[in-house]
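Beneath this line is the structure, given in structure tokens, with notes to follow.
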Amino acid sequence: MPELPEVETVRRGLLPVLEGARLSDVHLGRPNLRYPFPENFAERLNGATVLRLERRAKYLLFHLDTQDIWVTHLGMTGRFQITGAETRPLDASYYHAVTTQDRHRHVRLLSHTANGPVHIDYYDPRRFGFMLLLRPDELYARNWWRELGAEPLSDALTPDYLHQVFSPRRQPLKTLLMDQRLIAGLGNIYVCEALHLSGLSPDRPGTALTPADSRRLTHAIKQVLEAAVKAGGSSISDFSGTSGELGYFQHSFRVYGREHQPCLTAGCPGTIARKIHSGRSTFFCPLCQS
DNA sequence: CGATTAACCTGGAAGC
DNA sequence: TGCTTCCAGGTTAATC
């Protein structure tokens, strides 16, 4: 589900019910997601107040007044849902939950906002997501954190930066753009879209990227991400915002999921094709992307 | 070191 | 109405 625009949409949705709010009644429906929950996860969240909600790449960081940072990665199907305080509790009936949705509600807690308490639930059917509780120094010590590449919508991503990190590498642009250590936050959808927008072939090796290409690609990345954030992300299959609202950027896809359909580049008579790069589908136009 | 594949999971859609 | 196969927004370990 979630690439940078979807994660940013989730952050913005949680802002009004988490910023400045005190947490309580934390319940876990199971001992792990992708990884086991941190030791004493519920105890360390209970009573804490959320000071600030940050997003870095596809990670959500909730800074607590206890000095802990509650880090969440949504994986492929992770979703936060805000509901009123009257809904069904998470309890021992979890494994016999009646509905499919209940079976995938893995975390439930109460957030005490200025306007009263609300439930915040975390759902994740495939459980590729994970949650961590780290002190700042512990976070900075993690390799996956230190090695994160440029934040695409910040000044860290420039044509020069892109050229500098791509041009020594022989891998195809598709693979380079998916590498979170070079640029952090893009996933399969927005990589395909940015490549098409910039007219570059996903197969072009990094070594063949000219400074002019880097400019076009940088511009395309920022353009597609900004438009997607503005649209509330892309809702394909099961992504929705924290109130169940759907993003609508999926209606703006120019290549993703459009195999066999006509290329939308003005004047291009091409047909969108699909091929596999490192196990992931790439959608592209063989005619106008070179 | 670079590059591809499998694995982690579940559910939905498509094919037979 | 089944049953099987393929596919999915991500990351990482294993393997060539």
Side-chain angles (χ1 to χ4, degrees), chain A residues 1-11 29-36 55-60 71-80 94-95 97 99-106 122-132 142-149 152 165-194 202-203 205-207 224-225 228-229 231-241 246-253 255-260 274-283:
Chain A
M1 163 222 339
E3 304 180 35
L4 186 154
E6 290 74 39
V7 179
E8 178 60 22
T9 298
V10 170
R11 188 189 72 86
R30 52 177 302 118
N32 63 298
L33 296 170
R34 181 191 182 97
Y35 310 120
R55 179 193 57 74
R56 168 76 167 107
K58 302 172 192 172
Y59 292 89
L60 288 168
V71 181
T72 299
H73 193 294
L74 302 174
M76 204 82 115
T77 53
R79 179 169 67 86
F80 278 102
Y94 167 75
Y95 286 104
T99 66
T100 303
Q101 175 160 327
D102 282 350
R103 266 201 304 282
H104 299 310
R105 185 170 63 193
H106 304 313
Y122 177 77
Y123 295 86
D124 193 351
R126 290 176 72 180
R127 306 203 302 276
F128 287 169
F130 56 88
M131 292 186 183
L132 306 170
R142 298 287 174 107
N143 282 341
W144 56 262
W145 175 259
R146 282 206 319 244
E147 292 174 1
L148 279 178
V165 297
F166 277 20
S167 59
R169 298 169 200 266
R170 266 176 293 217
Q171 290 136 289
L173 291 181
K174 172 72 192 305
T175 305
L176 292 174
L177 287 167
M178 295 286 286
D179 189 336
Q180 304 296 302
R181 296 167 304 181
L182 305 177
I183 303 188
L186 295 176
N188 209 32
I189 291 177
Y190 298 105
V191 166
C192 292
E193 294 297 320
D203 289 316
T207 47
V224 71
L225 291 180
V229 168
S234 302
S235 291
I236 66 176
S237 133
D238 53 10
F239 174 76
S240 64
L246 300 180
Y248 52 89
F249 191 76
Q250 67 277 12
H251 303 303
S252 302
F253 290 168
V255 282
Y256 187 83
R258 295 193 61 248
E259 188 183 12
H260 304 316
R274 182 170 80 102
K275 70 171 283 189
I276 305 295
H277 288 94
S278 350
R280 313 296 301 280
S281 285
T282 302
F283 297 90

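Below, chain A is the first sequence line, B the second, and so on; all start at residue 1.
- Atom CD of Gln180(A) and atom C1' of dT12(C) are 13 Å apart (whole Å).
- Remark: P of dT12(C) and CG of Leu148(A) are 9 Å apart, rounded to the nearest angstrom.
- Donor-acceptor pairing under 3.5 Å, judged by distance alone, is present between the side chain of Arg126(A) and the base of dA8(C).
- Nucleic acid contact class of Arg181(A) (heavy atoms, under 4.0 Å, all strands): none.
- Of the side-chain N and O atoms in Ser281(A), one or more sit less than 4.0 angstrom from OP1 or OP2 of dA8(C).
- Distance from the side chain of Thr100(A) is smallest for dG11(B) among the nucleotides dG10(C), dG11(B), dA3(B).
- Comparing the P positions of dA14(C) and dC9(B) gives a spacing of 15 Å, expressed to the nearest Å.
- Across all strands, Tyr59(A) comes closer than 4.0 Å to no nucleic acid atom at all (heavy-atom distances).
- A sub-4.0 Å separation between OP1 or OP2 of dT11(C) and a side-chain N or O of His73(A) is present.
- dA3(B) and dG9(C) have their C1' atoms separated by 23 Å, given to the nearest Å.
- Phe130(A) and His73(A) have parallel rings, their planes meeting at less than 30° on a 0 to 90° scale where 60° marks the start of perpendicular.
- Taking a cutoff of 4.0 Å between a charged side-chain nitrogen and a carboxylate oxygen, Asp203(A) and Lys275(A) qualify as a salt bridge.
- Nearest to the side chain of Arg103(A), among dA3(B), dA8(C), dG11(B), sits dG11(B).
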**OP:** Check step by step if side-chain contact (heavy atoms from CB on, under 4.5 Å) holds for Gln180(A) and Trp144(A).
**Re:** CA-CA 9 Å; Gln180(A) 304 296 302; Trp144(A) 56 262; over 6 Å; no

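- Among the atoms of the strands shown, none is found under 4.0 Å from any heavy atom of Thr175(A).
- Listed candidates were dG10(C), dG9(C), dT10(B). Nearest to the side chain of Arg127(A) is dT10(B).
- Leu177(A) is not listed as a side-chain neighbour of Gln171(A), based on a closest heavy-atom distance of 4.5 Å or more.
- Comparing the P positions of dC1(B) and dT11(C) gives a spacing of 22 Å, expressed to the nearest Å.
- Arg258(A) is not listed as a side-chain neighbour of Val255(A), based on a closest heavy-atom distance of 4.5 Å or more.
- Between Arg30(A) and Asn32(A), the closest side-chain pair of non-hydrogen atoms falls below 4.5 Å.
- Arg34(A) contributes a side-chain N or O that forms a donor-acceptor pair with the base of dT11(C) under 3.5 Å.
- Residue Leu33(A) contributes atom CG, which lies 11 Å from atom P of dC9(B) at whole-angstrom precision.
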**OP:** Using the side chain to side chain donor-acceptor pair (under 3.5 Å) rule, take Ser281(A) and Arg274(A) through it: C-alpha gap first, then chi angles, then the decisive distance, then the call.
**Re:** CA-CA 6 Å; Ser281(A) 285; Arg274(A) 182 170 80 102; 2.5 Å; yes

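- The partner of dG2(B) is dC16(C), by the rule that a Watson-Crick or G-U pair needs both atom distances under 3.5 Å.
- For Tyr256(A) and dA8(C), the shortest distance from a side-chain N or O to OP1 or OP2 is not below 4.0 Å.
- Counting any heavy atom pair closer than 4.0 Å across all strands shown, Gly279(A) reaches no nucleic acid atom.
- Stacking of Phe128(A) onto the six-membered ring of dC8(B) is present: less than 5.5 angstrom between centres, less than 30° between planes.
- A straight line from OH of Tyr190(A) to P of dG9(C) spans 12 Å, rounded to a whole angstrom.
- Residue Tyr35(A) is classed as a sugar-phosphate contact, given heavy-atom separations below 4.0 Å to backbone atoms only.
- When both distances must be under 3.5 Å, the Watson-Crick or G-U wobble mate of dG9(C) does not exist.
- When rounded to the nearest whole Å, the span between CG of Asp179(A) and C1' of dG10(C) equals 13 Å.
- The shortest distance between the side-chain N/O atoms of Lys58(A) and the OP1/OP2 oxygens of dG10(C) is below 4.0 Å.
- Atom CD in Glu3(A) sits about 13 Å away from atom C1' in dT11(C), given to the nearest Å.
- Residue His104(A) has a polar side-chain atom (N or O) positioned under 4.0 Å from OP1 or OP2 of dG11(B).
- Atom C1' of nucleotide dA13(C) and atom CH2 of Trp144(A) are separated by 18 Å, given to the nearest angstrom.
- Contacts of Arg169(A) with the nucleic acid, taken as non-hydrogen atoms under 4.0 Å apart, are absent.
- Following rounding to the nearest Å, Leu74(A) (CG) and dT11(C) (P) show an atom-to-atom distance of 10 Å.
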